[in-house]
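Step one of this worksheet: look at the structure below.
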Amino acid sequence: MNIHDNTQNLEGCGYPQNSEHYDFVYCLKEGLARVNKNDKEGFVDQTGRVIVNLDYDYVSDFINGLAIIGKNDKEGLIDKAGRTVLPLYYESVSVIINGMAYVEKDNKEGIIDKMGRIIAPLKYDSIGIFQKDFAIVRIGSKCGFIDKAGNEFIPLEYDYAWDFREGLSAVKKNDKWGFINRSNEMVISLQYDEACWFKEGLSRVGQNNKKGFINQIGNLVIPLEYDYAGDFNEGLAKVKIGEKTGFIDKNGKIAASLKYDFAGDMTEGFIVVGKNRKSGFIDSTGKEIIPLQYDYADSFREGLARVNSMDKWGFIDIVGSVTIPFRYDHVWSFNEGLAAAEKNTQYGFINKNNETIIPFQYDKASSFNRGLAIVEKDGYRFYINNQGRKVGGLRQISS
């Protein structure tokens, strides 16, 4: 289980005081911060006082008052006072959400609550993440659904199943796909070679290697004529015939001609498209808003898109104006108002006015996520905040 350098679980930039002597220090989460010294981990509070001794091979951030601990290839749970909620007994403990944790023992999975009580017994080969109130479970080659009380409200009788979306789940049985409701009633019969979840009222289905779309009562509203079809997103779906890509609307009308070599997804009202090794953008009507003139273009983020021309990188706005000139060896999309950029093999961060906010001094850099970015310098990896201040202890990079 790898829990290091994971900015997805970080909230804010608060760090404990008096923590300089640790090898690595993480953000405060629920009032406590993970610390590492000599490859052992524990927790300190905001003042730097040790709350949980550094006895473990690894620990996770606290989530809803619980943290995963690991030692000698076993995992368990502790509360914020360091008390054992689950002993170091399981091969894996993960995904603490809504007071529940997934556990694994002898290659079987189950679910326990925050008091350590079993909700779903350790009998499943796999348990999916709960989507609202339901999770897919599997034993052997069959799958079904459990609710948050651990009840198998849909028996394990299907070969495959997608999560419930918009009230229905696509299920596979005897090599055919159909759709059930939450009462396990077959609303759309098992007839398709492939199917997926509903999105924006339609589901893509396939038969004889051709794709189309059905509505929630099973009517085929867009014919099975495409070699590829993606989900609808903001009223458009990407489709492909042969090697050419375009977009259709929910009535099956062509919104963007099938003439592109590739196309991205709709983001911020625009779609990046490419043809003959040049990239540009179309809008939701299929109109080319920004000409296909760049060697590479990425989707818009925070109102700007990174583009490449003649091996240099810059940014354009939604009307195609170059807002940041093509001066950089590489750039990443803006996130939280800053973009990581590379110049002369050094990395730094710029704002949307092309001002250098954090100097070009790092050997590597990642985008900001919840106020923090991971950077590398002189063989060490650490966190910085959006003022460029180092807020995490050093961790030497393995050679």
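Sequence positions, counted from 1, serve as the residue numbers for this chain.
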Quick one: does NZ or CZ of [X] land under 6.0 Å from the six-membered ring centre of [Y], within 45 degrees of the ring axis?
| X | Y | result |
| --- | --- | --- |
| Lys240 | Tyr226 | no |
| Arg34 | Tyr26 | yes |
| Lys343 | Phe360 | yes |

| Quick one: salt bridge (Lys or Arg N to Asp or Glu O under 4.0 Å) partners of Lys132, sequence neighbours excluded? | none

| said: If the condition is salt bridge (Lys or Arg N to Asp or Glu O under 4.0 Å), which residues does Arg165 pass it with, not counting sequence neighbours? | reply: none

| task | Would you name the heavy atoms of Cys196 and Ala170 that are closest together and state the gap between them? | result | O-CB, 3.6 Å

Separation of [Y] [atom2] from [X] [atom1] (nearest 0.5 Å):
| X | Y | atom1 | atom2 | value |
| --- | --- | --- | --- | --- |
| Gln131 | Asp163 | CD | CG | 4.5 Å |
| Ile282 | Ile271 | CD1 | CD1 | 4.5 Å |
| Ile350 | Asn354 | CD1 | CG | 5.0 Å |
| Ile289 | Phe270 | CD1 | CZ | 6.0 Å |
| Ile188 | Gln191 | CD1 | CD | 8.0 Å |
| Leu88 | Glu75 | CG | CD | 8.5 Å |

| query | Looking at Trp332, Tyr328, Phe326, which one forms a ring pair (Phe, Tyr, Trp, His ring centres under 6.0 Å) with His330? | reply | Trp332

| ring pair (Phe, Tyr, Trp, His ring centres under 6.0 Å) partner of Phe198, chosen from Trp162, Phe179, Phe213 | Phe179

Going by distance alone, is a donor N or O of one side chain under 3.5 Å from an acceptor N or O of the other, for [X] and [Y]?
| X | Y | value |
| --- | --- | --- |
| Glu41 | Asn36 | yes |
| Tyr296 | Asp311 | no |
| Glu104 | Tyr124 | no |

Carboxylate-amine/guanidinium contact [X] [Y], below 4.0 Å:
| X | Y | answer |
| --- | --- | --- |
| Lys253 | Asp249 | no |
| Asp295 | Lys278 | yes |
| Lys123 | Glu152 | yes |
| Glu288 | Lys259 | yes |
| Asp231 | Arg204 | yes |

State, with a plain yes or no, whether a side-chain heavy atom of [X] is found less than 4.5 Å away from one of [Y].
| X | Y | answer |
| --- | --- | --- |
| Phe334 | Ile324 | yes |
| Leu338 | Asn351 | yes |
| Glu166 | Trp197 | no |
| Glu302 | Lys352 | yes |
| Thr245 | Asp261 | no |

| query | How are the rings of Phe62 and Phe43 set to each other: parallel, tilted or perpendicular (split at 30° and 60°)? | reply | tilted

| message | Once you measure the plane-to-plane angle for Phe382 and Tyr362, does it fall in the parallel (<30°), tilted (30-60°) or perpendicular (>60°) bin? | response | perpendicular

| request: Spell out, as yes or no, whether a donor-acceptor pair under 3.5 Å connects the side chain of Asp147 to the backbone of Ala149. | output: yes

Hey, is [atom1] on [X] packed in by over 12 heavy atoms from elsewhere, all under 6.0 Å?
| X | atom1 | value |
| --- | --- | --- |
| Asn209 | CG | no |
| Glu243 | CD | no |
| Lys105 | NZ | yes |

| task | Sort out for me which residue in Lys142, Lys173, Arg138 forms a salt bridge (Lys or Arg N to Asp or Glu O under 4.0 Å) with Asp159. | result | Lys142

| task | Go through Ser284 and Glu234 one step at a time and tell me if the side chain to side chain contact (heavy atoms under 4.5 Å, CB included) criterion holds. | result | CA-CA 8 Å; Ser284 60; Glu234 298 184 33; over 6 Å; no

| After noting the C-alpha distance and the side-chain angles of Tyr90 and Ile68, does the key distance pass the side chain to side chain contact (heavy atoms under 4.5 Å, CB included) rule? | CA-CA 11 Å; Tyr90 296 99; Ile68 299 166; over 6 Å; no

| field | Glu225 and Lys210: CA distance, side-chain angles, deciding distance, salt bridge (charged side-chain N to carboxylate O under 4.0 Å, His left out) verdict | value | CA-CA 5 Å; Glu225 61 185 11; Lys210 295 295 182 181; over 6 Å; no

| task | Could you please spell out the steps behind the side chain to side chain contact (heavy atoms under 4.5 Å, CB included) verdict for Val52 and Lys80? | result | CA-CA 8 Å; Val52 178; Lys80 292 170 70 174; over 6 Å; no

| field | Pair Asp298-Arg306, salt bridge (charged side-chain N to carboxylate O under 4.0 Å, His left out): steps then yes or no | value | CA-CA 6 Å; Asp298 202 358; Arg306 63 186 184 119; 2.9 Å; yes

| task | Begin from the C-alpha positions of Phe349 and Ile384 and carry the test side chain to side chain contact (heavy atoms under 4.5 Å, CB included) through to its verdict. | result | CA-CA 11 Å; Phe349 293 84; Ile384 59 171; 3.9 Å; yes

| request: Begin with the C-alpha distance, continue with both residues' side-chain angles, and end with the deciding distance and a verdict on salt bridge (charged side-chain N to carboxylate O under 4.0 Å, His left out) for Asp283 and Lys287. | output: CA-CA 6 Å; Asp283 65 12; Lys287 181 180 178 181; over 6 Å; no

